[in-house]
Number of protein chains: 2
Amino acid sequence: MNFAILFGGNSYEHEISIVSAVVLKKILKTNLVFIFCDEERKFYLIPSEEMNSKTFSTQAYKKQKELILKHKGFYVKNFIGESKIDIDCVINLIHGRDGEDGKIASLMEFFDINFIGPRLEASVLSFNKEFTKLYAKNVGIKTLDYSMLRKNCNDNFIPNFPCILKPSRLGSSIGISIVKNEKEFEYAKDVAFEFDTDIVIEEFKSGIKEYNLAGCMIGDEFIFSTIEEPKKKEFLDFDQKYLSFSGNNELIEADLNDTLKTKLKDNFKKIYNPLFKGALIRCDFFILNDEVYLNEINPNPGSLANYLFKDFNTILKKLAKNVKNENKIKINYNFLHSINGQKGKL
Amino acid sequence: MNFAILFGGNSYEHEISIVSAVVLKKILKTNLVFIFCDEERKFYLIPSEEMNSKTFSTQAYKKQKELILKHKGFYVKNFIGESKIDIDCVINLIHGRDGEDGKIASLMEFFDINFIGPRLEASVLSFNKEFTKLYAKNVGIKTLDYSMLRKNCNDNFIPNFPCILKPSRLGSSIGISIVKNEKEFEYAKDVAFEFDTDIVIEEFKSGIKEYNLAGCMIGDEFIFSTIEEPKKKEFLDFDQKYLSFSGNNELIEADLNDTLKTKLKDNFKKIYNPLFKGALIRCDFFILNDEVYLNEINPNPGSLANYLFKDFNTILKKLAKNVKNENKIKINYNFLHSINGQKGKL
């Protein structure tokens, strides 16, 4: 099976995506093609031996072949015109904007290319933390209470302290602040509004336990990862979160009783099915007084959370064989024929 | 100003979109380029004089020039290589799937092309009637009570009669049935499940009044259309709804008192701002006991609801000058440089 790893994107997590792709190169035992989406959203075919951070940070990637995305695949120009890159399944590994907001899902569906990753609706509902709250409630999943701040509105709103501010549409802890008083709040608002027009504010619960569970559906069957209790200071910052992608640390299943483990998995199932079919996602949950709360959905987790799975290669290949794009709609022009019959003048 | 009308798409409303484009050709007084997206999602440049239904129903469009969509525009091959079509703003006139589900929004944003039409989040929330209900509630707008039917679930669910069944993701009355008893219900379910995996069921209120209001925001100002009370039998079917695009009938403002007119406009504003910025949309409302309920949002209404406006050409040009794509994110590679400094081995 030929996988293409699609990474980069015009995203605050562009560089994280590069790290993610370099890690997956080491992990995946199959034919891999690397497709880089640069800042300008041009696509480049990166030879395997050039898959290192300098290729990108020095912009040496621009010497590589540019690809054109169109009907059924990515194409490269050559002396006979152009040829299609041989790909069975694209892994959408663009984090944040472009990859997780629905654009890549749209491009893949539109041009009819098999891919692993969240579909259009799943992307939009998980990328925006406010919509995630609405979705979670709709499928019967608890989230923490919250307020919304809108740019140029809510001027006099003062939350309870301590609280946590999160830009609605960013992952990887970017723009997030924990604040303890009004002065910190004003500064944190400015920071978050640098990234987004909408801010989610939640009460900050300092002792809260967080648990990460990744998984996917293959056919009717759920495949779950180990449940991880991520190590953290107050909360994970950007560097901490991602320099551990390759899972060098030994993985230890979180210390939870079976009832709570089952609760986490049941919550995951309600979130995943059917909206996230085709993706391998990671859900980050809180547990508070034995109740499970969804914190966030990562529909393209860093390096696809490979370090949480015991047999990642097998799972990914099975998932790839199982992904489905939309059914094509057959156009028969009966309606236009009927208009022509009636009026003959459109 | 050069407008491109983008129409067609792999959608149940593909043919409606062709009608919509032919009508707009007659209405718009400006330079127009016609870009047809065929069943296979290939793009063709259609000369103005070929803009009639036979070009499409006979597939004669395939003799026209194919276009490639990429960075910053649509390109046509020629003897010097390829050249970009001169377009200031694309009008997304694809109805239903592709046009209203977020795919075209994604393509335009990704390739950085100015366009009139709903953005990605707006598309996903208005295309799926269930999500529209969640969104409406979130911004304080009433909708009728409803239940959801899922394919292969809810086997024993029996609604109150009479009720109306709507596939979640289709416009133009396709797949919609009003049913009065269990036998009709079973048949209507099969019909709706032909089109979608999810069905919205609402109580059918036979005397309910419907009002359509179209509009857009230009800068901070709202532009509203005339409020229309659409003529209907029990409800509008496919043919009725669309053969009247060109507004041959004289437009009469709905007979409503000023309080209710203001209520409709206030509801429209809450729905539109800011999610639908960049689009000219039509909201279809019910009024029941002087209360306004949202029925549905049409983010790409047929022929952009031109027949509801007195000075459609001016509005559209102003809107086109006002549309904004996402801000570009500048990638600085500081993070990768820091990794290189630390480890030198990624």
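Throughout, a chain's letter reflects where its sequence line sits, starting with A, and its residues are numbered from 1.
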K.L.:
Please flag which part of A/N327 lies under 4.5 Å from any non-hydrogen atom of chain B: side chain, backbone, both or neither.
P.N.:
backbone
K.L.:
Below 4.5 Å from any heavy atom of chain B, which atoms of A/S11 appear? Answer side chain, backbone, both or neither.
P.N.:
backbone
K.L.:
Any ion pair linking B/E121 and A/R169 (charged N to carboxylate O, less than 4.0 Å)?
P.N.:
yes
K.L.:
Can you tell me which portion of A/N10 sits under 4.5 Å from chain B's heavy atoms? Options are side chain, backbone, both or neither.
P.N.:
both
K.L.:
Would you mind checking which part of A/I331 comes under 4.5 Å of any heavy atom in chain B, side chain (CB onward), backbone (N, CA, C, O), both or neither?
P.N.:
both
K.L.:
More than 12 heavy atoms of other residues, nucleotides or ligands under 6.0 Å from CG of B/N78: yes or no?
P.N.:
yes
K.L.:
For A/K328, is it the side chain, the backbone, both or neither that has a heavy atom under 4.5 Å from a heavy atom of chain B?
P.N.:
both
K.L.:
Taking side chain as everything from C-beta outward and backbone as N, CA, C, O, which of these in A/N334 sits under 4.5 Å from a heavy atom of chain B? Side chain, backbone, both or neither.
P.N.:
backbone
K.L.:
In terms of heavy-atom proximity below 4.5 Å to chain B, should A/K330 be classed as side chain, backbone, both, or neither?
P.N.:
both
K.L.:
Considering only heavy atoms, which portion of A/E40 lies under 4.5 Å from any heavy atom of chain B: side chain, backbone, both, or neither?
P.N.:
both
K.L.:
Set out, in order, the CA-CA distance, both residues' side-chain angles and the distance that settles ring pair (Phe, Tyr, Trp, His ring centres under 6.0 Å) for B/H14 and A/Y333, then state yes or no.
P.N.:
CA-CA 9 Å; B/H14 175 97; A/Y333 291 112; 5.4 Å; yes
K.L.:
Sort out for me which of B/F111, B/Y135, B/F43, B/F127 touches chain A most, counting heavy-atom pairs under 4.5 Å.
P.N.:
B/F43
K.L.:
Less than 4.0 Å between a side-chain N and a carboxylate O, is that true for A/E109 and B/K103?
P.N.:
no
